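Since the structure is predicted, the reported quantities are computational estimates derived from the model, not experimental observations.
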Amino acid sequence: MEMLVTYVENTELSAKMTHFIMEPLLVVLHHAINNNDYVLQVQLLNLLKVILFQSSFSSYEGTRYQCVALLSSRWFVPNLLKGLNVDQPYVRVQFINFISMCISILTENLQKESLTLCISSILKAYFEIILGKHYETNDDIEELDSWESDNLNFSKDV
């Protein structure tokens with residue numbers, strides 16, 4: 001499949017083929033996550049990397065609308081966020097890496113409102129992962145809640 005979407009010489013044909021397989025791939029990823037099929041999840045993430053970063057799908061101007069539709073679809077970001085909750089650390093890292101790679105393509109293609117919602121959802125999911133791993137007891141969570149937000153003084157000069 002990877003060779004099919006990357007080595008077809010006709011950019012328009014490659015982009016159109018990729019468009020037709022994207023939603024079914026995301027549906028399969030959804031089911032792989034629900035069924036704890038870790039091998040298939042990693043394979044699909046690798047295929048999505050090839051499609052988004054090595055094929056003409058996201059760069060061909062004729063498929064820009066389809067790329068935006070994919071990135072803002074009901075399958076793309078929700079699947080990725082759900083994948084962050086898998087039990088296998090290796091698979092979770094694959095989701096984290098893929099999401100990190102996708103930030104640039106999301107930024108280039110989504111409008112401000114959609115992008116803000118998407119990025120805030122990703123950051124919230126990351127925070128929940130960190131909170132769940134490092135604050136196992138109620139005492140630690142209470143300590144975090146009581147921590148004053150004025151300790152977080154960020155400036156553009158930093």
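You'll find the side chain of L84 reaches within 4.5 Å of the side chain of I96, heavy atoms only. Residues L80 and L45 form a side-chain contact, since some pair of their non-hydrogen atoms from C-beta on lies under 4.5 Å apart. The closest side-chain heavy-atom distance from L48 to L26 is below 4.5 Å. Residues H30 and R74 are not in side-chain contact: their nearest non-hydrogen atoms beyond the backbone lie 4.5 Å or more apart. Contact annotation: the side chain of Q41 approaches that of F95 to within less than 4.5 Å [non-hydrogen atoms, C-beta and beyond]. Annotation: side chain of F98 is in contact with side chain of L52 (closest heavy-atom distance under 4.5 Å). A heavy-atom distance below 4.5 Å is not found between the side chains of L117 and E113.
Under a hydrophobic-cluster definition in which Ile, Leu, Val, Met, Phe, Trp and Tyr are linked whenever side-chain heavy atoms come within less than 4.5 Å, directly or via other members, I129 and I99 are assigned to the same cluster. V39 and V42 are not part of a single hydrophobic cluster, where members link through side-chain heavy atoms under 4.5 Å apart. Under the 4.5 Å side-chain contact rule for hydrophobic residues, I103 and V77 share a cluster. Linking Ile, Leu, Val, Met, Phe, Trp and Tyr residues whenever their side-chain heavy atoms come within less than 4.5 Å places L81 and V27 in a single cluster. Linking Ile, Leu, Val, Met, Phe, Trp and Tyr residues whenever their side-chain heavy atoms come within less than 4.5 Å places L123 and L110 in a single cluster.
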Check: Step by step, would you call W75 with L29 a side-chain contact (heavy atoms from CB on, under 4.5 Å)?
Finding: CA-CA 9 Å; W75 296 108; L29 179 60; over 6 Å; no
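The line from CE of M101 to CG of L106 is 12.0 Å long, rounded to the nearest 0.5 Å. To the nearest 0.5 Å, atom CG of residue L131 and atom CD of residue E128 are 8.0 Å apart. Summarising the geometry, atom CG belonging to N97 is positioned 6.0 Å from atom NZ belonging to K49; distances are rounded to the nearest 0.5 Å. From L44, atom CG reaches atom CG of L25 across 6.0 Å, with rounding to the nearest 0.5 Å. Taken to the nearest 0.5 Å, the CG atom of N46 stands 6.5 Å off from the CD atom of Q94. Considering SG of C118 and CD of Q111, their distance stands at 13.5 Å, rounded to 0.5 Å.
Taking each heavy atom of I33 and N79 in turn, the nearest pair found is CD1-O, 3.3 Å.
Residues K82 and N34 bring a donor and an acceptor atom of their side chains to less than 3.5 Å of each other.
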